There are 2 protein chains.
Amino acid sequence: MSDPAPRPAAPVRIRHFTRSLPMSLLRARESVMRHFRPALRRNGMTEQQWRVLRALMTRPGMEVSELAEATFLLGPSLSRILRDLDSLGLITRRLDDADQRRSIIALSPRGESLIEQISPESETIYAEITRRFGAQRLAELQAMLRELETLLTEGPPIEGTGEE
Amino acid sequence: MSDPAPRPAAPVRIRHFTRSLPMSLLRARESVMRHFRPALRRNGMTEQQWRVLRALMTRPGMEVSELAEATFLLGPSLSRILRDLDSLGLITRRLDDADQRRSIIALSPRGESLIEQISPESETIYAEITRRFGAQRLAELQAMLRELETLLTEGPPIEGTGEE
DNA sequence: CGCCAATATTTTACATGTTATCCAATGCTG
DNA sequence: CAGCATTGGATAACATGTAAAATATTGGCG
C-alpha cells in the first residue's frame, strides 16, 4: 500500500468538463462520423480527401484557397491532400493563366466516377441519421450551430486577461 | 483566357456539403476553440493537454483508460501527452498496487497551480460565449447534441451498401 | 526597368489522430 | 504451476492539424 488517504476535499468547483461545449461538439461529431468512416474506408478515402472531392463536385474549378475555405482545411493539410489526390489521378491541376500563383483544381473523370460510386452509400447513411433524429430537429440543430458560429466569428474576439 | 466554356450542366443534385451535419459541427467547434486557444497557448498548453489536466482536476487519481474515455483521446495520443505532462512535472504516475498493469495518474502540485492560473481566464471566455449565445439556448443546444450522440451511439450501426 | 511589399501556395517542424502491433502483467485452466 | 488467452498500456508508422517560414509570382513605385 502507499496512499489510501480518502482525499478529503476534492475541489470540484468548476463545471464538469465533459459537459463543456467544445467536448459536446467533439463527441457529437465523432458519433456522426463513426457511421461514415467505414464506407469511406472501403473506398480507400479518408474523411478529408472526401471533403475535398465533394467540394469540387459542387463547384468545379476552384482555387486552392477557395477549396481550403470550403473544406475547412488549412493550407498545409490541403496541399498534401491535393498532392495525394493528384497522384491517384482523381483531380487535375492547372495554373491560372492570368496569375501563375494560383492553381485551378478540378475533378478528373476518374474522380467523378469515384464520387458517383460513393455518394449513394453516403446519402443513405445521412438519410438514416436524419430519420433517427428527425428532420425537423436536425434543421433546428443546424440553425443553432450556424448561429453560434456567426456570433463567435463575427463578433469581437473574446479576450481573457492576457494582454501583452 | 483559355477555357471560357460555360460548363453546361454541373450535376449538383446533392445537398451542398458545407451544410452537412459533420461540417456544421466541425465549424461550430472551431469557432468556439478559436477563442480558447490563445489563452492556452500563452501558458504553453495545447488543447489536448488542457483537457487532460481538467479531467484530472475534476477527479484525481484516474487510470489511463478512464482518462482516455473522459478526454476523448485515443490511447496513443494520451500516452504521448502523459509522457510530456510528466516530463513537465505537471502530473504524477504510480503503479496500481493491486494490478501492476494499471497506472494511476494525478495532478502534481505544479499541475494544480497551473490550473489555478489558467482556469479563471478560461471561465471568463466561457462565460462570455454563454452570454452571447444565451444560457437557455446553450443548454438547449447541449441537450440536442447529447441526444444526437445517444441516438447514434446506442442505436444499431448504420450500414451502407458495403457488404463484403 | 529594378526594388520591394503583398499574395498564393508549398514546405518545414512538431503535436495529435488513427490503426496495427508489441510488451508486460494478470488470471484462468488444466 | 506451466501454458495461454486477456488486458492495460506503450510503441510504430503514417496521415492530418497547426503555426511559422520559405518560395514564387504579381503589382506598385521610384
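So that the names make sense, note that chain A is the first sequence line, chain B the second, and so on, each numbered from 1. Quantities reported herein were computed from a predicted structural model and do not represent experimental measurements.
In this model, no side-chain donor or acceptor of Arg101(A) finds a partner on the base of dT9(C) within 3.5 Å. Residue side chain Arg80(A) reaches the base of dG17(D) through a donor-acceptor N/O pair under 3.5 Å, judged by distance alone.
The existence of a salt bridge linking Arg131(B) and Glu128(B) is confirmed by a sub-4.0 Å separation between a basic side-chain nitrogen and an acidic carboxylate oxygen. One finds a salt bridge joining Arg102(B) and Asp99(B) here, because a Lys/Arg side-chain nitrogen approaches an Asp/Glu carboxylate oxygen to under 4.0 Å. The pair Arg146(B)-Glu149(B) fails the salt-bridge criterion, with no side-chain N (NZ, NE, NH1 or NH2) lying under 4.0 Å from an Asp/Glu carboxylate O.
Nearest nucleotide to the Leu73(B) side chain, out of dG17(C), dT18(D), dT10(C): dG17(C). Among the nucleotides dT18(C), dG8(D), dT18(D), the one closest to the side chain of Arg102(B) is dG8(D). The listed nucleotides are dT18(C), dA20(D), dG9(D); the one nearest the side chain of Pro76(A) is dA20(D). Distance from the side chain of Asp99(A) is smallest to dT25(D) among dT25(D), dG17(C), dG17(D). Nearest nucleotide to the Gln48(B) side chain, out of dT9(C), dT16(D), dT16(C): dT16(C).
Taken from CG in Leu152(B) to CE in Met33(A), the straight-line distance is 12.0 Å, to the nearest 0.5 Å.
For the pair Phe72(B) CZ and dT16(C) P, the computed distance is 17 Å after rounding to whole Å. Taking atom CZ of residue Arg51(A) and atom P of nucleotide dA15(D), one finds them 17 Å apart after rounding to whole Å. Rounded to whole Å, the distance from CD on Glu63(A) to C1' on dT7(C) is 11 Å. We find that CG of Leu82(B) is positioned 10 Å from C1' of dG9(D), with the value rounded to whole Å. Rounded to whole angstrom, the span from the CG atom of Leu95(B) across to the P atom of dT7(D) amounts to 20 Å. Rounded to a whole Å, the CG atom of Leu74(A) is 19 Å from the P atom of dC14(C). Atom-to-atom, CG of Asp96(A) to P of dA24(D) comes out at 19 Å; the value is rounded to the nearest Å. Put simply, CD on Glu30(B) is 10 Å from P on dG17(D), counting in whole angstrom units.
Ser65(A) comes within contact range of the sugar-phosphate backbone alone, with a heavy-atom separation under 4.0 Å but no base atom that close. When heavy atoms are screened at a 4.0 angstrom cut-off, Arg93(B) is found touching the sugar-phosphate backbone but no base atom. Among the protein residues, Thr46(B) comes within range of the sugar-phosphate backbone only, with heavy atoms under 4.0 Å from sugar or phosphate atoms but none that close to a base.
Atom CZ of Arg110(B) has 12 or fewer neighbouring heavy atoms from other residues, nucleotides or ligands inside a 6.0 Å radius.
Remark on DNA chain C: of its neighbouring residues Ser79(A) and Arg37(A), the 5'-side contact belongs to Ser79(A), judged by nearest-heavy-atom nucleotide. Projected onto DNA chain C by closest heavy-atom contact, Ile81(B) and Arg41(A) fall at different nucleotides, the more 5' of which corresponds to Ile81(B). Comparing Gln100(A) and Gln49(A), the nucleotide of DNA chain D nearest to each residue sits closer to the 5' end for Gln49(A).
Residue Leu145(B) is grouped with residue Leu151(B) when hydrophobic side chains (ILVMFWY) are merged at heavy-atom distances under 4.5 angstrom, including chains of intermediate members.
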